[in-house]
Chemist: 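This is the structure I want to talk about, given as C-alpha coordinates.
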Amino acid sequence: MNAILEELTWRGLLAQTTDEAALTATLNDAPVTFYCGFDPTGPSLHVGHLMQVITMRRLQLAGHKPLALVGGATGLIGDPKPGGERSWLDAEVATDNVRRIQGQLEHFLTFGEGATDAILVNNLDWTASMDVITFLRDVGKHFSVNRMLDRDAVKTRLEGNGISYTEFSYVLLQSMDYLELRRRHGCTLQIGGSDQWGNITAGCELVRRVDGESVHALTTHLLTKSDGTKFGKTESGTVWLDPELTSPYAFYQFWFNTDDRDVINFLKIFSMRSQVEIAQLEELTTTEPAARAAQKALAQDVTALVHGAAAVDQAIAASAALFGRAELADLDRDTVFAALNEAGLVSAGEVDGETIVDYLVATGLMASKSAARRSIDEGGAYLNNERITDEAYVPGAADWLHGEFLLLRKGKRSIAGVRQGS
RNA sequence: GGCAGGUUGCCCGAGUGGCCAAAGGGAGCGGACUGUAAAUCCGCCGGCUCAGCCUACGUUGGUUCGAACCCAACACCUGCCA
(Lines give C-alpha, C1' and ligand atoms only; values in the text may rest on other atoms or scores of the structure.)
Protein backbone atom coordinates (compact mmCIF):
# COMPACT_ATOMS: atom_id res chain seq x y z
CA MET A 1 0.00 0.00 0.00
CA ASN A 2 1.05 3.55 -0.66
CA ALA A 3 2.46 5.59 2.24
CA ILE A 4 -0.20 8.27 2.28
CA LEU A 5 -2.96 5.69 2.03
CA GLU A 6 -1.39 3.86 4.94
CA GLU A 7 -1.33 7.02 6.96
CA LEU A 8 -4.96 7.81 6.16
CA THR A 9 -5.87 4.29 7.15
CA TRP A 10 -4.02 4.52 10.44
CA ARG A 11 -5.77 7.79 11.18
CA GLY A 12 -9.07 6.05 10.68
CA LEU A 13 -9.97 8.22 7.74
CA LEU A 14 -10.11 5.83 4.85
CA ALA A 15 -13.61 4.48 4.24
CA GLN A 16 -13.73 3.37 0.63
CA THR A 17 -11.72 3.60 -2.56
CA THR A 18 -12.73 2.64 -6.06
CA ASP A 19 -9.83 0.31 -6.77
CA GLU A 20 -7.20 0.26 -4.10
CA ALA A 21 -4.55 -1.47 -6.17
CA ALA A 22 -4.96 0.94 -9.05
CA LEU A 23 -5.09 3.95 -6.75
CA THR A 24 -1.93 2.83 -4.95
CA ALA A 25 -0.15 2.44 -8.26
CA THR A 26 -1.30 5.87 -9.40
CA LEU A 27 -0.24 7.57 -6.18
CA ASN A 28 3.15 5.83 -6.23
CA ASP A 29 3.69 6.57 -9.86
CA ALA A 30 3.47 10.34 -9.94
CA PRO A 31 1.90 13.37 -8.28
CA VAL A 32 -1.85 13.07 -8.56
CA THR A 33 -4.19 15.98 -9.13
CA PHE A 34 -7.22 15.51 -6.89
CA TYR A 35 -10.26 17.51 -5.93
CA CYS A 36 -12.72 17.92 -3.14
CA GLY A 37 -15.88 20.00 -3.36
CA PHE A 38 -17.54 22.29 -0.83
CA ASP A 39 -21.04 23.60 -1.36
CA PRO A 40 -21.59 27.18 -0.19
CA THR A 41 -24.59 26.37 1.99
CA GLY A 42 -23.38 28.63 4.78
CA PRO A 43 -21.42 31.84 5.26
CA SER A 44 -18.36 29.92 6.38
CA LEU A 45 -16.84 26.50 6.53
CA HIS A 46 -17.41 24.76 9.85
CA VAL A 47 -15.56 22.13 11.84
CA GLY A 48 -17.40 19.41 9.93
CA HIS A 49 -15.61 20.52 6.77
CA LEU A 50 -12.29 20.49 8.51
CA MET A 51 -11.84 16.76 8.10
CA GLN A 52 -11.81 17.03 4.30
CA VAL A 53 -9.73 20.16 4.33
CA ILE A 54 -7.07 18.56 6.50
CA THR A 55 -7.13 15.39 4.44
CA MET A 56 -6.46 17.55 1.39
CA ARG A 57 -3.57 19.11 3.23
CA ARG A 58 -2.13 15.72 4.07
CA LEU A 59 -2.33 14.71 0.43
CA GLN A 60 -0.70 17.94 -0.63
CA LEU A 61 2.12 17.44 1.86
CA ALA A 62 2.56 13.99 0.39
CA GLY A 63 3.28 15.61 -2.95
CA HIS A 64 -0.09 15.72 -4.68
CA LYS A 65 -1.93 18.62 -6.23
CA PRO A 66 -5.25 19.78 -4.72
CA LEU A 67 -8.09 21.41 -6.58
CA ALA A 68 -10.37 23.09 -4.04
CA LEU A 69 -13.79 23.30 -5.62
CA VAL A 70 -16.47 25.60 -4.32
CA GLY A 71 -19.93 24.69 -5.53
CA GLY A 72 -21.26 27.94 -6.90
CA ALA A 73 -23.58 25.87 -9.09
CA THR A 74 -24.27 22.78 -6.98
CA GLY A 75 -24.97 24.97 -3.97
CA LEU A 76 -27.92 26.43 -5.85
CA ILE A 77 -29.34 22.96 -6.48
CA GLY A 78 -28.79 21.11 -3.20
CA ASP A 79 -27.50 17.62 -2.56
CA PRO A 80 -30.50 15.48 -1.51
CA LYS A 81 -30.40 14.63 2.13
CA PRO A 82 -32.63 11.99 3.70
CA GLY A 83 -34.49 14.42 5.94
CA GLY A 84 -36.20 16.35 3.22
CA GLU A 85 -35.88 19.08 0.66
CA ARG A 86 -33.34 21.78 1.42
CA SER A 87 -34.45 25.31 1.92
CA TRP A 88 -33.78 27.49 -1.05
CA LEU A 89 -30.41 29.17 -1.15
CA ASP A 90 -30.70 32.65 -2.57
CA ALA A 91 -28.35 33.19 -5.53
CA GLU A 92 -26.87 36.35 -4.06
CA VAL A 93 -26.26 34.69 -0.73
CA ALA A 94 -24.63 31.78 -2.53
CA THR A 95 -22.30 34.10 -4.40
CA ASP A 96 -21.31 35.77 -1.19
CA ASN A 97 -20.79 32.42 0.53
CA VAL A 98 -18.60 31.23 -2.33
CA ARG A 99 -16.34 34.21 -1.90
CA ARG A 100 -16.04 33.72 1.83
CA ILE A 101 -15.38 30.01 1.61
CA GLN A 102 -12.78 30.46 -1.09
CA GLY A 103 -10.98 32.86 1.20
CA GLN A 104 -10.95 30.29 3.97
CA LEU A 105 -9.70 27.47 1.81
CA GLU A 106 -6.74 29.59 0.81
CA HIS A 107 -5.78 29.50 4.44
CA PHE A 108 -5.28 25.75 4.70
CA LEU A 109 -3.56 24.77 1.49
CA THR A 110 -0.58 26.17 -0.32
CA PHE A 111 -1.74 27.94 -3.45
CA GLY A 112 0.32 29.07 -6.36
CA GLU A 113 1.76 28.13 -9.71
CA GLY A 114 3.97 25.24 -8.62
CA ALA A 115 3.47 21.58 -9.42
CA THR A 116 1.80 20.69 -6.13
CA ASP A 117 0.28 24.08 -5.43
CA ALA A 118 -3.45 24.16 -4.98
CA ILE A 119 -5.92 25.77 -7.35
CA LEU A 120 -9.35 27.17 -6.54
CA VAL A 121 -12.16 26.30 -8.90
CA ASN A 122 -15.87 27.08 -9.01
CA ASN A 123 -18.28 24.80 -10.82
CA LEU A 124 -20.46 27.73 -11.77
CA ASP A 125 -17.77 28.52 -14.36
CA TRP A 126 -18.68 25.57 -16.55
CA THR A 127 -22.28 25.10 -15.52
CA ALA A 128 -23.84 28.55 -15.80
CA SER A 129 -23.35 28.82 -19.53
CA MET A 130 -24.50 25.31 -20.39
CA ASP A 131 -27.83 25.14 -22.20
CA VAL A 132 -30.57 22.68 -21.41
CA ILE A 133 -30.33 20.68 -24.60
CA THR A 134 -26.62 20.14 -24.17
CA PHE A 135 -27.13 19.19 -20.57
CA LEU A 136 -29.81 16.64 -21.34
CA ARG A 137 -28.08 15.17 -24.40
CA ASP A 138 -24.44 15.18 -23.36
CA VAL A 139 -24.80 14.58 -19.65
CA GLY A 140 -28.29 13.29 -18.93
CA LYS A 141 -28.02 10.55 -21.50
CA HIS A 142 -25.34 8.83 -19.46
CA PHE A 143 -27.40 8.53 -16.33
CA SER A 144 -29.85 5.76 -15.65
CA VAL A 145 -32.81 6.86 -13.59
CA ASN A 146 -33.12 3.30 -12.38
CA ARG A 147 -29.70 3.56 -10.77
CA MET A 148 -30.28 7.04 -9.48
CA LEU A 149 -33.35 5.74 -7.70
CA ASP A 150 -31.22 3.17 -5.94
CA ARG A 151 -29.27 5.73 -4.00
CA ASP A 152 -30.04 5.69 -0.29
CA ALA A 153 -30.82 9.37 0.10
CA VAL A 154 -33.19 9.20 -2.85
CA LYS A 155 -34.87 6.02 -1.62
CA THR A 156 -35.44 7.49 1.79
CA ARG A 157 -36.96 10.55 0.22
CA LEU A 158 -39.25 8.55 -2.03
CA GLU A 159 -40.55 6.69 1.00
CA GLY A 160 -40.91 9.91 2.92
CA ASN A 161 -41.77 13.38 1.77
CA GLY A 162 -40.68 13.04 -1.82
CA ILE A 163 -37.93 14.75 -3.74
CA SER A 164 -37.93 17.53 -6.27
CA TYR A 165 -36.51 17.15 -9.76
CA THR A 166 -34.02 19.85 -8.83
CA GLU A 167 -32.38 17.85 -6.08
CA PHE A 168 -32.74 14.61 -7.98
CA SER A 169 -30.53 16.16 -10.67
CA TYR A 170 -27.78 17.11 -8.26
CA VAL A 171 -25.65 14.07 -9.00
CA LEU A 172 -25.46 15.04 -12.66
CA LEU A 173 -23.91 18.37 -11.82
CA GLN A 174 -21.37 16.92 -9.46
CA SER A 175 -20.44 14.30 -12.04
CA MET A 176 -19.94 17.01 -14.63
CA ASP A 177 -17.47 18.65 -12.27
CA TYR A 178 -15.28 15.59 -12.28
CA LEU A 179 -15.40 15.36 -16.06
CA GLU A 180 -14.56 19.02 -16.41
CA LEU A 181 -11.72 18.97 -13.89
CA ARG A 182 -10.15 15.97 -15.55
CA ARG A 183 -10.20 17.75 -18.86
CA ARG A 184 -9.00 21.08 -17.55
CA HIS A 185 -6.53 20.00 -14.90
CA GLY A 186 -5.91 16.29 -15.38
CA CYS A 187 -7.71 15.52 -12.13
CA THR A 188 -7.87 11.77 -11.48
CA LEU A 189 -8.97 11.53 -7.87
CA GLN A 190 -11.94 12.90 -6.00
CA ILE A 191 -12.17 12.76 -2.24
CA GLY A 192 -15.10 13.38 0.06
CA GLY A 193 -17.08 12.06 2.99
CA SER A 194 -18.47 8.57 2.66
CA ASP A 195 -21.94 10.06 2.20
CA GLN A 196 -20.59 11.38 -1.10
CA TRP A 197 -19.68 7.93 -2.38
CA GLY A 198 -22.64 7.76 -4.75
CA ASN A 199 -22.00 11.22 -6.18
CA ILE A 200 -18.30 10.55 -6.57
CA THR A 201 -18.58 7.19 -8.26
CA ALA A 202 -21.24 8.60 -10.56
CA GLY A 203 -18.59 11.11 -11.61
CA CYS A 204 -16.05 8.34 -12.17
CA GLU A 205 -18.52 6.56 -14.36
CA LEU A 206 -19.33 9.64 -16.38
CA VAL A 207 -15.64 10.24 -17.03
CA ARG A 208 -15.22 6.64 -18.12
CA ARG A 209 -18.23 6.67 -20.42
CA VAL A 210 -17.54 10.01 -22.04
CA ASP A 211 -13.77 10.24 -22.10
CA GLY A 212 -12.89 6.59 -21.72
CA GLU A 213 -10.58 7.34 -18.80
CA SER A 214 -10.43 5.53 -15.50
CA VAL A 215 -10.37 7.90 -12.50
CA HIS A 216 -10.45 7.27 -8.77
CA ALA A 217 -12.56 7.92 -5.70
CA LEU A 218 -11.58 8.01 -2.06
CA THR A 219 -13.95 8.63 0.80
CA THR A 220 -13.40 9.24 4.48
CA HIS A 221 -15.44 7.82 7.31
CA LEU A 222 -18.17 10.04 8.62
CA LEU A 223 -17.22 11.33 12.00
CA THR A 224 -19.22 9.87 14.86
CA LYS A 225 -19.17 10.72 18.52
CA SER A 226 -19.38 8.23 21.35
CA ASP A 227 -22.47 9.81 22.81
CA GLY A 228 -24.29 9.55 19.49
CA THR A 229 -24.75 13.28 19.01
CA LYS A 230 -23.75 15.07 15.87
CA PHE A 231 -20.20 16.32 15.62
CA GLY A 232 -19.68 20.03 15.22
CA LYS A 233 -22.52 21.53 17.19
CA THR A 234 -22.67 23.17 20.56
CA GLU A 235 -25.58 24.69 22.44
CA SER A 236 -24.97 27.89 20.53
CA GLY A 237 -25.07 26.11 17.19
CA THR A 238 -22.58 25.27 14.51
CA VAL A 239 -18.89 25.72 15.25
CA TRP A 240 -17.69 27.87 12.35
CA LEU A 241 -14.16 28.51 11.20
CA ASP A 242 -14.87 32.20 10.71
CA PRO A 243 -13.70 34.02 13.89
CA GLU A 244 -16.56 36.48 13.47
CA LEU A 245 -19.08 33.66 13.76
CA THR A 246 -17.32 31.53 16.37
CA SER A 247 -14.73 33.29 18.49
CA PRO A 248 -11.31 31.66 18.74
CA TYR A 249 -12.00 31.24 22.45
CA ALA A 250 -15.26 29.38 21.80
CA PHE A 251 -13.50 27.37 19.12
CA TYR A 252 -10.75 26.39 21.54
CA GLN A 253 -13.34 25.48 24.16
CA PHE A 254 -15.22 23.31 21.68
CA TRP A 255 -12.18 21.10 21.16
CA PHE A 256 -11.12 21.25 24.78
CA ASN A 257 -14.45 19.78 25.86
CA THR A 258 -14.04 16.66 23.76
CA ASP A 259 -15.12 13.43 25.38
CA ASP A 260 -12.29 11.14 26.58
CA ARG A 261 -13.61 8.40 24.35
CA ASP A 262 -13.32 10.54 21.23
CA VAL A 263 -10.24 12.60 21.84
CA ILE A 264 -7.70 10.15 20.45
CA ASN A 265 -9.68 9.64 17.26
CA PHE A 266 -10.01 13.37 16.85
CA LEU A 267 -6.27 13.86 17.31
CA LYS A 268 -5.63 11.34 14.57
CA ILE A 269 -8.05 13.05 12.24
CA PHE A 270 -7.50 16.73 12.96
CA SER A 271 -3.92 17.08 14.14
CA MET A 272 -0.70 16.54 12.29
CA ARG A 273 0.84 14.77 15.28
CA SER A 274 2.73 11.57 14.74
CA GLN A 275 1.67 8.10 15.68
CA VAL A 276 4.17 8.11 18.57
CA GLU A 277 2.97 11.40 20.02
CA ILE A 278 -0.63 10.34 19.84
CA ALA A 279 0.16 7.03 21.52
CA GLN A 280 1.73 8.97 24.40
CA LEU A 281 -1.33 11.16 24.74
CA GLU A 282 -3.52 8.09 24.71
CA GLU A 283 -1.49 6.66 27.56
CA LEU A 284 -1.83 9.89 29.52
CA THR A 285 -5.58 9.92 29.00
CA THR A 286 -5.76 6.52 30.68
CA THR A 287 -3.31 7.11 33.51
CA GLU A 288 -4.12 10.71 34.24
CA PRO A 289 -7.52 11.56 32.79
CA ALA A 290 -8.05 14.62 34.94
CA ALA A 291 -5.07 16.37 33.39
CA ARG A 292 -6.68 16.06 29.93
CA ALA A 293 -3.44 16.32 28.10
CA ALA A 294 -4.97 14.97 24.90
CA GLN A 295 -7.80 17.52 24.94
CA LYS A 296 -5.30 20.32 25.45
CA ALA A 297 -3.15 19.12 22.57
CA LEU A 298 -6.17 18.77 20.31
CA ALA A 299 -7.57 22.19 21.15
CA GLN A 300 -4.19 23.84 20.68
CA ASP A 301 -3.40 22.11 17.41
CA VAL A 302 -6.70 22.80 15.73
CA THR A 303 -7.03 26.35 17.03
CA ALA A 304 -3.50 27.10 15.85
CA LEU A 305 -4.25 25.67 12.43
CA VAL A 306 -7.44 27.65 11.99
CA HIS A 307 -6.80 30.87 13.90
CA GLY A 308 -3.04 31.01 14.38
CA ALA A 309 -0.67 30.67 17.31
CA ALA A 310 -1.53 34.05 18.83
CA ALA A 311 -5.18 33.07 19.12
CA VAL A 312 -4.16 29.90 20.95
CA ASP A 313 -2.22 31.89 23.53
CA GLN A 314 -5.16 34.17 24.09
CA ALA A 315 -7.59 31.31 24.37
CA ILE A 316 -5.38 29.56 26.90
CA ALA A 317 -4.94 32.75 28.94
CA ALA A 318 -8.66 33.40 28.86
CA SER A 319 -9.50 29.84 29.85
CA ALA A 320 -7.02 29.94 32.70
CA ALA A 321 -8.46 33.21 33.98
CA LEU A 322 -12.06 32.17 33.73
CA PHE A 323 -11.82 28.56 34.85
CA GLY A 324 -8.70 28.72 36.93
CA ARG A 325 -8.52 28.56 40.65
CA ALA A 326 -6.94 31.99 40.81
CA GLU A 327 -8.73 34.57 42.91
CA LEU A 328 -10.38 36.99 40.55
CA ALA A 329 -9.07 39.88 42.61
CA ASP A 330 -5.52 38.73 41.96
CA LEU A 331 -5.84 38.91 38.20
CA ASP A 332 -4.49 42.02 36.60
CA ARG A 333 -6.76 44.28 34.66
CA ASP A 334 -5.49 43.35 31.20
CA THR A 335 -5.92 39.64 31.80
CA VAL A 336 -9.48 40.13 32.98
CA PHE A 337 -10.21 42.32 30.00
CA ALA A 338 -8.71 39.88 27.50
CA ALA A 339 -10.52 36.93 29.02
CA LEU A 340 -13.91 38.60 29.14
CA ASN A 341 -13.42 40.01 25.70
CA GLU A 342 -12.92 36.49 24.37
CA ALA A 343 -15.92 35.20 26.26
CA GLY A 344 -18.15 38.04 25.14
CA LEU A 345 -18.25 41.50 26.63
CA VAL A 346 -21.20 43.86 26.78
CA SER A 347 -20.94 47.51 27.59
CA ALA A 348 -22.82 48.57 30.72
CA GLY A 349 -24.44 51.32 28.73
CA GLU A 350 -26.35 48.74 26.72
CA VAL A 351 -27.86 47.16 29.80
CA ASP A 352 -31.49 48.00 30.21
CA GLY A 353 -32.05 48.06 33.96
CA GLU A 354 -29.74 47.63 36.89
CA THR A 355 -30.48 44.34 38.62
CA ILE A 356 -28.44 41.22 38.18
CA VAL A 357 -31.27 39.78 36.07
CA ASP A 358 -30.96 42.64 33.62
CA TYR A 359 -27.22 42.11 33.32
CA LEU A 360 -27.62 38.38 32.74
CA VAL A 361 -30.07 39.01 29.93
CA ALA A 362 -28.04 41.81 28.38
CA THR A 363 -24.98 39.59 28.00
CA GLY A 364 -27.04 36.99 26.17
CA LEU A 365 -26.19 34.45 28.82
CA MET A 366 -29.89 34.08 29.56
CA ALA A 367 -32.55 34.14 26.89
CA SER A 368 -35.10 36.05 28.95
CA LYS A 369 -35.71 37.49 32.37
CA SER A 370 -37.82 34.46 33.19
CA ALA A 371 -34.93 32.20 32.30
CA ALA A 372 -32.56 34.34 34.36
CA ARG A 373 -34.80 34.19 37.42
CA ARG A 374 -35.21 30.48 36.97
CA SER A 375 -31.45 29.99 36.83
CA ILE A 376 -30.96 32.05 39.96
CA ASP A 377 -33.65 29.95 41.62
CA GLU A 378 -31.86 26.81 40.58
CA GLY A 379 -28.55 28.12 41.85
CA GLY A 380 -27.00 28.23 38.40
CA ALA A 381 -26.10 31.90 38.11
CA TYR A 382 -22.87 33.42 39.34
CA LEU A 383 -21.43 36.88 39.70
CA ASN A 384 -17.63 37.01 39.93
CA ASN A 385 -17.66 33.27 40.60
CA GLU A 386 -20.04 33.50 43.53
CA ARG A 387 -23.53 32.11 43.39
CA ILE A 388 -26.30 34.66 43.15
CA THR A 389 -29.30 34.01 45.38
CA ASP A 390 -31.22 37.26 45.11
CA GLU A 391 -32.72 38.06 41.75
CA ALA A 392 -33.18 41.71 42.71
CA TYR A 393 -29.52 42.16 43.57
CA VAL A 394 -27.95 45.32 42.19
CA PRO A 395 -24.18 45.06 41.66
CA GLY A 396 -22.37 47.61 43.80
CA ALA A 397 -19.00 49.31 43.54
CA ALA A 398 -17.25 46.39 45.23
CA ASP A 399 -18.48 44.00 42.53
CA TRP A 400 -16.83 45.81 39.64
CA LEU A 401 -13.45 44.20 39.12
CA HIS A 402 -10.87 46.94 38.72
CA GLY A 403 -13.82 49.27 38.85
CA GLU A 404 -14.61 48.20 35.34
CA PHE A 405 -15.80 44.61 34.85
CA LEU A 406 -18.46 42.17 36.00
CA LEU A 407 -17.89 38.47 35.39
CA LEU A 408 -21.17 36.63 34.86
CA ARG A 409 -21.51 32.91 34.58
CA LYS A 410 -24.30 30.45 33.92
CA GLY A 411 -23.63 26.95 35.12
CA LYS A 412 -20.07 25.82 34.88
CA ARG A 413 -18.88 27.10 31.59
CA SER A 414 -21.02 29.78 30.01
CA ILE A 415 -19.29 33.04 30.72
CA ALA A 416 -19.79 36.64 29.74
CA GLY A 417 -18.70 40.03 30.97
CA VAL A 418 -20.01 43.52 31.38
CA ARG A 419 -17.74 46.51 31.00
CA GLN A 420 -18.29 49.82 32.71
CA GLY A 421 -17.89 52.91 30.60
CA SER A 422 -17.66 53.10 26.82
C1' G B 1 -57.71 20.25 -12.56
C1' G B 2 -60.14 16.10 -9.29
C1' C B 3 -60.02 13.18 -4.79
C1' A B 4 -57.88 11.99 -0.03
C1' G B 5 -54.85 13.21 4.10
C1' G B 6 -52.14 16.77 6.76
C1' U B 7 -50.30 21.80 9.19
C1' U B 8 -49.63 21.74 17.57
C1' G B 9 -44.19 24.59 21.57
C1' C B 10 -36.56 23.85 19.36
C1' C B 11 -37.76 18.62 17.06
C1' C B 12 -41.07 14.29 17.16
C1' G B 13 -45.89 13.74 18.86
C1' A B 14 -50.81 13.32 22.01
C1' G B 15 -54.98 16.28 22.50
C1' U B 16 -61.36 16.68 18.84
C1' G B 17 -65.67 22.38 23.18
C1' G B 18 -64.37 24.34 29.67
C1' C B 19 -60.04 20.41 34.36
C1' C B 20 -54.86 23.29 28.15
C1' A B 21 -49.27 27.15 28.45
C1' A B 22 -51.29 22.05 26.07
C1' A B 23 -49.67 14.48 27.80
C1' G B 24 -45.29 11.70 26.40
C1' G B 25 -40.45 11.40 24.21
C1' G B 26 -35.99 13.74 22.33
C1' A B 27 -32.86 17.90 22.47
C1' G B 28 -31.48 21.84 25.77
C1' C B 29 -30.56 24.26 30.73
C1' G B 30 -29.39 24.12 36.12
C1' G B 31 -27.95 21.37 40.67
C1' A B 32 -25.43 17.14 43.11
C1' C B 33 -21.05 13.94 41.97
C1' U B 34 -16.55 14.94 38.93
C1' G B 35 -11.90 16.51 35.53
C1' U B 36 -14.60 22.76 31.76
C1' A B 37 -15.26 14.66 30.15
C1' A B 38 -18.83 10.51 30.49
C1' A B 39 -22.54 8.01 33.31
C1' U B 40 -26.18 8.56 37.16
C1' C B 41 -29.82 11.01 40.27
C1' C B 42 -32.88 15.51 41.17
C1' G B 43 -35.08 19.98 39.26
C1' C B 44 -36.32 23.27 35.14
C1' C B 45 -37.77 23.91 30.17
C1' G B 46 -43.43 30.62 26.15
C1' G B 47 -43.16 35.72 28.11
C1' C B 48 -44.03 39.51 31.79
C1' U B 49 -44.52 44.67 36.04
C1' C B 50 -44.99 36.57 38.14
C1' A B 51 -50.32 33.89 44.05
C1' G B 52 -51.95 37.52 38.60
C1' C B 53 -51.71 38.80 33.55
C1' C B 54 -50.32 38.48 28.30
C1' U B 55 -49.13 35.75 23.90
C1' A B 56 -49.49 30.89 21.54
C1' C B 57 -51.81 25.12 18.51
C1' G B 58 -50.81 27.38 9.50
C1' U B 59 -53.73 32.44 8.14
C1' U B 60 -58.25 35.17 8.33
C1' G B 61 -63.15 35.36 9.72
C1' G B 62 -67.40 32.97 12.19
C1' U B 63 -70.46 29.86 15.84
C1' U B 64 -70.39 29.76 21.33
C1' C B 65 -70.90 32.26 27.96
C1' G B 66 -66.27 29.62 26.48
C1' A B 67 -62.29 26.92 20.73
C1' A B 68 -55.90 23.89 19.63
C1' C B 69 -60.55 21.33 19.41
C1' C B 70 -66.89 23.07 15.67
C1' C B 71 -67.90 25.96 10.74
C1' A B 72 -66.06 28.83 6.30
C1' A B 73 -62.48 30.76 3.14
C1' C B 74 -57.45 31.03 2.05
C1' A B 75 -52.20 29.41 2.15
C1' C B 76 -48.73 25.64 2.26
C1' C B 77 -47.20 20.27 2.42
C1' U B 78 -47.96 14.96 1.04
C1' G B 79 -50.20 10.99 -1.63
C1' C B 80 -53.35 9.01 -5.53
C1' C B 81 -55.78 10.13 -10.19
C1' A B 82 -56.09 13.28 -14.79
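A, B, ... follow the sequence lines: proteins, then strands. Residue 1 opens every chain.
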Chemist: I need the NZ-C1' distance between A/K369 and B/C53, as an integer number of Å.
Modeler: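 It works out to 16 Å between those atoms.
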
Chemist: Can you tell which of B/G31, B/A37, B/G43 lies closest to the side chain of A/Y382?
Modeler: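 Given the options B/G31, B/A37, B/G43, the side chain of A/Y382 is closest to B/G31.
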
Chemist: I want to verify a distance call: between B/G47, B/U36, B/G30, whose nearest atom is closest to the A/R292 side chain?
Modeler: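 Nearest listed nucleotide: B/U36.
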
Chemist: Answer with yes or no whether A/D260 presents, from its side chain, a donor or acceptor under 3.5 Å of a partner atom in the base of B/G35.
Modeler: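 In this structure, the two groups form a donor-acceptor pair.
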
Chemist: Is there a side-chain polar atom (N or O) of A/T258 under 4.0 Å from OP1 or OP2 of B/A37?
Modeler: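 Checking B/A37 against A/T258, no side-chain N or O comes under 4.0 Å of OP1 or OP2.
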
Chemist: Take the protein atom CG of A/L322 and the nucleotide atom P of B/U36, then report the distance between them rounded to whole Å.
Modeler: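 So the CG-P distance, A/L322 to B/U36, works out to 13 Å.
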
Chemist: Quick one: does A/H402's side chain get under 4.5 Å of A/V336's, heavy atoms only?
Modeler: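 A side-chain contact exists here, since the closest heavy-atom pair is under 4.5 Å.
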
Chemist: Expressed in angstrom and rounded to an integer, what is the separation of A/K412 atom NZ from B/G30 atom C1'?
Modeler: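 A/K412 atom NZ is separated from B/G30 atom C1' by 10 Å.
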
Chemist: Any idea which of B/U36, B/G47, B/G30 is nearest the A/R374 side chain?
Modeler: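 It is B/G47.
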
Chemist: What's the closest nucleotide to the side chain of A/R387 if the choices are B/A32, B/G43, B/G35?
Modeler: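 Given the options B/A32, B/G43, B/G35, the side chain of A/R387 is closest to B/A32.
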
Chemist: Only pairs with both distances under 3.5 Å count, Watson-Crick or wobble alike; so what is the partner of B/G18 in this structure?
Modeler: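 WC or wobble partner is B/C65.
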
Chemist: Quick one: look up who B/G1 pairs with, Watson-Crick or G-U, both distances under 3.5 Å, and put none if it's unpaired.
Modeler: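 Result: B/C81.
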
Chemist: Strictly by Watson-Crick or wobble contacts shorter than 3.5 Å, is anything paired with B/U40, and which nucleotide is it?
Modeler: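 Because both required distances fall under 3.5 Å, B/U40 counts as paired with B/A32.
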
Chemist: Do you see a donor-acceptor pair shorter than 3.5 Å between the side chains of A/E7 and A/Q275?
Modeler: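 Short answer, no.
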
Chemist: With no hydrogens and no angle check, just 3.5 Å: does a side-chain donor-acceptor pair link A/D262 and A/S226?
Modeler: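 Yes, A/S226 and A/D262 have a side-chain donor paired with an acceptor closer than 3.5 Å.
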
Chemist: To the nearest angstrom, how far is A/E378 atom CD from B/A32 atom C1'?
Modeler: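 After rounding, the reported distance stands at 13 Å.
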
Chemist: Quick one: which of B/A38, B/G30, B/U36 gets closest to the side chain of A/K410?
Modeler: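 So the side chain of A/K410 is nearest to B/G30.
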
Chemist: Output the single nucleotide from B/G35, B/G30, B/G47 whose closest atom is nearest the side chain of A/S414.
Modeler: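 The nucleotide sitting nearest to the side chain is B/G30.
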
Chemist: Of all the nucleotides listed (B/U49, B/G35, B/G30), which has the minimum atom distance to the side chain of A/Q295?
Modeler: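 Between B/U49, B/G35, B/G30, the one nearest the side chain of A/Q295 would be B/G35.
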
Chemist: What's the CE-P distance between A/M366 and B/G28, to the nearest Å?
Modeler: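 For the pair A/M366 CE and B/G28 P, the rounded distance is 18 Å.
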
Chemist: By nearest heavy atom, map A/A371 and A/A291 onto RNA chain B; which one lands nearer the 5' end?
Modeler: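 Nearer the 5' end of the strand: A/A291.
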
Chemist: Round to a whole Å and report the spacing from CG of A/D259 to P of B/A37.
Modeler: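 It works out to 10 Å between those atoms.
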
Chemist: Does OP1 or OP2 of B/C44 have a side-chain N or O of A/R373 closer than 4.0 Å?
Modeler: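 Looking at the OP1 and OP2 atoms of B/C44, neither is under 4.0 Å from any side-chain N or O of A/R373.
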
Chemist: Taking a pair as Watson-Crick or G-U wobble with both distances under 3.5 Å, which nucleotide is matched to B/C45?
Modeler: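 In the structure as shown, B/C45 has no Watson-Crick or wobble partner.
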
Chemist: Does B/G24 pair with anything, Watson-Crick or G-U wobble, both distances under 3.5 Å, and if so, with which nucleotide?
Modeler: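 In the structure as shown, B/G24 has B/C12 as its Watson-Crick or wobble partner.
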
Chemist: With a 3.5 angstrom cut-off on both distances, give the Watson-Crick or G-U wobble partner of B/A72, or none if there isn't one.
Modeler: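 Pair assignment: B/A72 / B/U60.
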
Chemist: Check the distance between B/U34's C1' and A/R413's CZ and give it to me in whole angstrom.
Modeler: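 Computing the A/R413:CZ to B/U34:C1' distance gives 13 Å.
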
Chemist: Just by distance, with hydrogens left out, do A/T355 and A/E391 show a side-chain donor and acceptor under 3.5 Å apart?
Modeler: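 Per modelled atom types, A/T355 and A/E391 side chains form no pair under 3.5 Å.
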
Chemist: Around atom CD of A/Q16, are there more than 12 heavy atoms of other residues, nucleotides or ligands at under 6.0 Å?
Modeler: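 Result for CD/A/Q16: enclosed.
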
Chemist: Specify the separation, in whole Å, of atom CZ of A/F256 and atom P of B/A38.
Modeler: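 My rounded result for the distance is 13 Å.
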
Chemist: Would you say the base of B/C50 and the side-chain of A/S370 have a donor-acceptor pair closer than 3.5 Å?
Modeler: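 Flag set: donor-acceptor pair detected.
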
Chemist: Is there a ring pair (Phe, Tyr, Trp, His ring centres under 6.0 Å) between A/F254 and A/F270 once you walk through the steps?
Modeler: CA-CA 13 Å; A/F254 166 77; A/F270 295 104; 8.8 Å; no

